[in-house]
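As structure tokens, the structure follows; a few thoughts come after it.
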Amino acid sequence: MPTDALVVVDMVNDFVTGKLPCPRAERIIPNIRRLLDAARRADIPVIYVNDAHLPTDFELKIWGPHSMKGTEGAAIIPRLASKKGDVLLDKQTYSAFFETPLDSLLRSLKVEDVVIAGLHTNICARHTSADAFFRGYRPVIPEDGVESFTDQAHRDGLEYIKTNYLGEITVSDALVKKWR
Ligand code: ZN
């Protein structure tokens, strides 16, 4: 059990209600909140990795400016606010591993299973799962803790992670019970 970490990706204002809104994200907020509480209680590392874009980031060519570093849009939504002891990392594109200290952090914590929650199942969760898999971690996805713009995109993302990265698809209740 001490080998799990909870990584919450992109639950920032711009991705929930701001520049790239996802109304479907509403259903995952209480689930992520319970995951956060359970992880903190069990001393499971809680790591938020959020877009903090610079105007020169290549990804803005696709999505336009969003979650710009230092803006309100890049702040974690108040309902999932970080607490003392959590780790907050900036990222520049989809994967939480790409040019961030996440890998060295997880290694020093001896993490094996990386629980990924947040937005979006088929984009950031998928790319973070890929990089976790490539580095020898097991991606664990609570299906009620991730969402996407459409149900199809959500389901495709889960299927891809399961098939190609040996991702374990679970539900938040199972993790909360495991961490109890
Ligand atoms: Zn972005």
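Sequential numbering from 1 along the given sequence is applied to the chain's residues. Each ligand, and each atom within it, is numbered from 1 in the order the structure gives. Keep in mind that this is a model prediction, so the values were computed, not measured.
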| task | Decide if atom CZ of Arg33 counts as having more than 12 heavy atoms of other residues, nucleotides or ligands within a radius under 6.0 Å. | result | no

N/O/S atom name from [X] that is nearest to the position of the Zn ion (ligand 1):
X     : answer
His66 : NE2
Glu59 : OE2
Asp51 : OD2

| field | Residues Tyr94 and Asp51: side-chain donor-acceptor under 3.5 angstrom | value | no

| said: List the residues meeting side chain to side chain contact (heavy atoms under 4.5 Å, CB included) with Asp90, not counting sequence neighbours, and say none if there are none. | reply: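 Asp90 satisfies side chain to side chain contact (heavy atoms under 4.5 Å, CB included) with Ala52, Lys69 only.
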
| query | Does the ring centre of Tyr165 sit less than 6.0 Å away from the ring centre of Tyr160? | reply |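 For Tyr160 and Tyr165, the ring centres are under 6.0 Å apart.
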
